[in-house]
Amino acid sequence: MNNQNKIRVRMAPSPTGFFHVGSARTALFNWLFAKHHKGKFILRVEDTDVERSSEEMIKAVLEGMTWLGMDQYEGPYYQSKRMDFYRKYVDKLIEDGKAYYCYCNPQDLAEERKAAYANKQDWKYDRRCLSLNAADKKKKEESNAPRAVRFLIPEHRVTYKDIVYGEISKDSKDIEDFVIQRANGKPTYNLACVIDDHEMEITHVIRGADHIANTPKQILLYEALNLQKPEFAHLPLILGQDKSKLSKRHGAVSLTWYQEQGFLPDAMINYLALLGWSPGDDQEVFIKNGKLDIEILTERFTLERISSSNAVFDTTKLEWMNQQYIMQLPRSHFKNLLKPFITEYDLMTAQEMENKTDWLQEVCDLMQPRLKVLSDIDKQGRFFFKEDFEYDKAIEKHLDEKTLATMDKFLAEMQRIESFEQKPIELALRGFADDNSIKARELIHPLRVFTTGNTGGPPLFATLELIGKERCISRIEKILKQKKEK
RNA sequence: GGCCCCAUCGUCUAGCGGUUAGGACAUCACUCUUUCAAGGUGGAGACACGGGUUCGAUUCCCGUUGGGGCCGCCA
């Protein structure tokens, strides 16, 4: 890897219709590596299987990249638009006797394979079409039988040095003559991948460890085509709680889902960077001036520090990380980020937010240090906005005769507060407590539950001020009335 | 059935022959506080097992066990 400026990496998502967090991490590692070496990061869509792909399906990936702030890439290139291009390499392989036509019926082969496995037998394509005699071959051609192209695996051990896993070795006799071109003329993944990585002058192939098994196949192709091989770095897999490869059945695997929950892209990146990689010292949170310190992260990122064992995705730690980022957000920025969630949960309309911008900012200031994800605003702060919030069952503890009587009495006191602001409210409450020989907290707790439904939350007096006199009074009255009716 | 890979607290990890095995999340105390969150302090918590190599293994080698991945005319 001659010159550092020549580093070229790529991320090659398959168009599945959503953006897997594992793919996001692969993209991140490629992106950080390119950035670290001032190289190029290329986005290439692997959509050689036309029937399963569409431009629509790649949308989630493109949007996800933008959301994460990784939108400085070359491309995207679409393999589906480069089809002709792959054929000449296939033709060359056939010409050189390094690949051959296969007329077998895929369904038949699939059944043979399935039967073998069911029988606890190994199964590998037996090259029956390679040994076809001239007459049989002629017959096949004349009958217009569909033909795919298989790569003739040369016999020798394939060894390469993976940047994260070290030496990986595999005997080619354990690799079957895999198909490189489908009967419909389209190339398959391994072929297209090799050709493109070569044509795009990719220097480092950084991808998930689930591709380790493909690497020897691809190396064999590089050799057969006499192309220069890139370096390979495989990333440990991201696992679900059950330790199997994180997949849709684990639930939250789509980046979009995290976005919708109110995870911040910065927190997401910070967390993902730490999955399988570590800077080597104790730094985990890369925040500077309220946002991700991408400079330091980039500077410190190296492939050599990537771990080779798989990592379980820990949502709890992600949430903690997210809270770290939320807390340090500039307050006006936090407000702007929260707005979509406020409308999403029908807490306020855009117009109302416009009209009560100062009030909203104060609510935001109180809630900011308490949210793990932005969508928490609904269950934790709904009482600021609406009357239909839920009451914690702990309210039961405050429904005894004595408390109700005290609250009833305090209500009158509240009515008398002229400017309903936190200071006067606090003075009134403490004075009332003194006068009635009770502790302030004996009043504060029930008052909080009656007015907010919660046992905890932001400082009470500021909260009451923002709820407003009218609503505070009516909420307390409502509880007292309900109790009386029972 | 074949092949490949992995193995330090529950989880993410540091460690690259000699450490009281460090940090973070979670957890448990205590503290701060009107409550919650955040913060502070402290506790509990790991080298899968068995052989080697070595004066000495968490660290190197082999095996066992466990876990994972791949074996499509998907990528």
Side-chain angles (χ1 to χ4, degrees), chain A residues 12-16 46-49 51-53 79 102 104-107 109-110 113 116-124 146-150 162 165-166 168-171 173-176 178-184 186-190 192-193 207-216 234 236-237 239 241 243-245 271 274-285 305 307-321 323-324 327 367-372 380 426 429-430 439-445 447-449 452 454-461 463:
Chain A
S14 55
T16 54
E46 316 241 285
D47 56 350
T48 56
D49 190 357
E51 281 141 45
R52 301 192 191 193
S53 311
Q79 289 187 328
C102 173
C104 296
N105 181 322
Q107 277 81 46
L109 297 181
R113 185 167 37 233
Y117 287 168
N119 221 357
K120 294 202 180 295
Q121 298 284 305
D122 189 18
W123 190 90
K124 216 173 82 180
R147 58 178 201 187
V149 177
R150 285 184 185 271
D162 192 286
Y165 285 89
I168 292 183
S169 182
K170 188 172 171 108
D171 197 320
K173 76 170 169 24
D174 294 317
I175 304 174
E176 75 167 355
F178 60 92
V179 170
I180 53 177
Q181 189 175 83
R182 301 176 172 92
N184 67 8
K186 308 293 184 194
T188 59
Y189 164 73
N190 280 303
C193 182
R207 73 216 320 185
D210 44 353
H211 283 290
I212 286 179
N214 283 319
T215 309
H234 287 93
L237 260 19
L239 274 24
Q241 292 299 329
K243 307 246 185 182
S244 71
K245 188 166 75 163
Y271 177 72
L274 259 21
L275 259 196
W277 174 82
S278 105
D281 60 19
D282 291 339
Q283 184 171 13
E284 295 212 347
V285 182
R305 294 209 57 87
S307 146
S308 51
S309 48
N310 297 340
V312 174
F313 192 89
D314 184 2
T315 313
T316 308
K317 185 156 183 178
L318 206 211
E319 285 176 351
W320 166 79
M321 183 70 81
Q323 184 170 26
Q324 295 298 310
M327 285 189 306
M367 295 311 290
Q368 184 170 357
R370 282 162 241 273
L371 303 184
K372 281 188 159 60
Q380 285 183 37
E426 180 165 8
L429 182 138
R430 293 196 187 280
K439 289 208 166 86
R441 61 177 55 193
E442 288 179 67
L443 195 49
I444 284 171
H445 290 302
L447 189 55
R448 177 187 293 281
V449 187
T452 72
N454 295 324
T455 53
L460 185 63
F461 306 116
T463 302

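Everything numeric in this text was worked out from a predicted model, so none of it was measured. Naming convention: chains lettered A, B, ... in sequence-line order (proteins, then strands); numbering from 1 in each chain.
- C104(A) comes within 4.0 angstrom of a base, heavy atoms only.
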Name the pairs: protein N/O against N/O of nucleotides 20-25 of chain B, kept only if under 3.5 Å.
unit_1	atom_1	unit_2	atom_2	d
rG23(B)	N2	E284(A)	OE2	2.9
rA24(B)	O2'	E284(A)	OE1	3.0
rA24(B)	O2'	K317(A)	NZ	3.4
rA24(B)	N3	K317(A)	NZ	3.2

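- Using modelled atom types, one side-chain atom of R448(A) and one backbone atom of P458(A) make a donor-acceptor pair closer than 3.5 Å.
- The CD-C1' distance, from Q241(A) to rG68(B), rounds to 16 Å in whole Å.
- Per the geometry, CG belonging to N454(A) stands 12 Å off P belonging to rC36(B), to the nearest Å.
- Between the side chain of N310(A) and the backbone N or O of K243(A), no donor-acceptor pair lies under 3.5 Å.
- Counting non-hydrogen atoms under 4.0 angstrom, P236(A) reaches nothing in the nucleic acid.
- rA7(B) and rA48(B) have their P atoms separated by 10 Å, given to the nearest Å.
- Q323(A) comes within contact range of the sugar-phosphate backbone alone, with a heavy-atom separation under 4.0 Å but no base atom that close.
- rC3(B) and rU19(B) have their C1' atoms separated by 39 Å, with the value rounded to a whole Å.
- Protein atom CZ of R150(A) is 13 Å distant from nucleotide atom C1' of rC71(B), rounded to whole Å.
- Across the interface with RNA chain B, nearest-nucleotide mapping of A213(A) and N119(A) shows N119(A) to be the residue nearer the 5′ end.
- Residue G280(A) is in sugar-phosphate contact alone, with no base atom involved, counting any heavy-atom pair closer than 4.0 Å across all strands shown.
- Heavy atoms of P459(A) sit under 4.0 angstrom from at least one base atom.
- Side-chain atoms of R207(A) and H234(A), non-hydrogen and from C-beta on, do get closer than 4.5 Å to each other.
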I would like to know whether Q79(A) and Y189(A) meet side-chain contact (heavy atoms from CB on, under 4.5 Å); could you show each step before the answer?
CA-CA 10 Å; Q79(A) 289 187 328; Y189(A) 164 73; 5.7 Å; no
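- With rounding to the nearest 0.5 Å, the separation of CE in M321(A) from NZ in K372(A) is 13.5 Å.
- Spacing between rA14(B) and rC9(B) at atom P, rounded to whole Å, works out to 13 Å.
- Spacing between rU59(B) and rA46(B) at atom C1', rounded to whole Å, works out to 15 Å.
- Note on R305(A): a side-chain N or O is less than 4.0 Å away from OP1 or OP2 of rG15(B).
- Remark: A12(A) pairs with R10(A), R44(A), E46(A) by the side chain to side chain contact (heavy atoms under 4.5 Å, CB included) rule, at least two apart or across chains.
- The listed nucleotides are rC73(B), rC70(B), rG1(B); the one nearest the side chain of A148(A) is rC73(B).
- No engagement by R207(A) is indicated, since no non-hydrogen atom pair under 4.0 Å with the nucleic acid exists.
- Base pairing annotation: rA48(B) forms a Watson-Crick or G-U wobble pair with rU64(B), both donor-acceptor distances under 3.5 Å.
- The gap from the P atom of rC47(B) to that of rG42(B) amounts to 24 Å, rounded to the nearest Å.
- Of all nucleotides present, none satisfies the Watson-Crick or G-U wobble test against rU58(B) with each distance under 3.5 Å.
- Across all strands shown, L274(A) has heavy atoms under 4.0 Å from sugar-phosphate atoms exclusively, and none from any base.
- Contact annotation for A183(A): base contact, defined as any heavy-atom pair under 4.0 Å involving a base atom.
- Rounding to the nearest 0.5 Å places NE2 of H445(A) at 11.0 Å from NZ of K439(A).
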Enumerate all atom pairs, one protein N or O and one N or O from nucleotides 2-5 of chain B, separated by less than 3.5 Å.
unit_1	atom_1	unit_2	atom_2	d
rC3(B)	O2'	K170(A)	NZ	2.7

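- Among residues two or more places apart in sequence or in another chain, the side chain to side chain contact (heavy atoms under 4.5 Å, CB included) test is passed with A110(A) by R113(A).
- Nearest to the side-chain atoms of S309(A) among the listed nucleotides rU34(B), rC73(B), rC6(B) stands rC6(B).
- Residue-level contact check: Q324(A) touches the backbone only, with heavy atoms under 4.0 Å from sugar-phosphate atoms and none from bases.
- The side chain of K245(A) contributes an N or O atom lying less than 4.0 Å from OP1 or OP2 of rC70(B).
- Under the side chain to side chain contact (heavy atoms under 4.5 Å, CB included) criterion, K317(A) pairs with Y271(A), E284(A), D314(A), W320(A), sequence neighbours left out.
- Looking at which nucleotide of RNA chain B each of E176(A) and E426(A) is closest to, the 5′-most match is held by E426(A).
- Among the protein residues, G276(A) comes within range of the sugar-phosphate backbone only, with heavy atoms under 4.0 Å from sugar or phosphate atoms but none that close to a base.
- Side chain of T48(A), nearest nucleotide from rA75(B), rU35(B), rG72(B): rA75(B).
- Residues W277(A) and P236(A) have side chains not in contact (no heavy-atom distance under 4.5 Å, counting atoms from C-beta outward).
- Residues meeting the side chain to side chain contact (heavy atoms under 4.5 Å, CB included) test with S307(A), sequence neighbours left out: S309(A).
- Looking at heavy-atom distances under 4.0 Å, H211(A) makes contact with a base.
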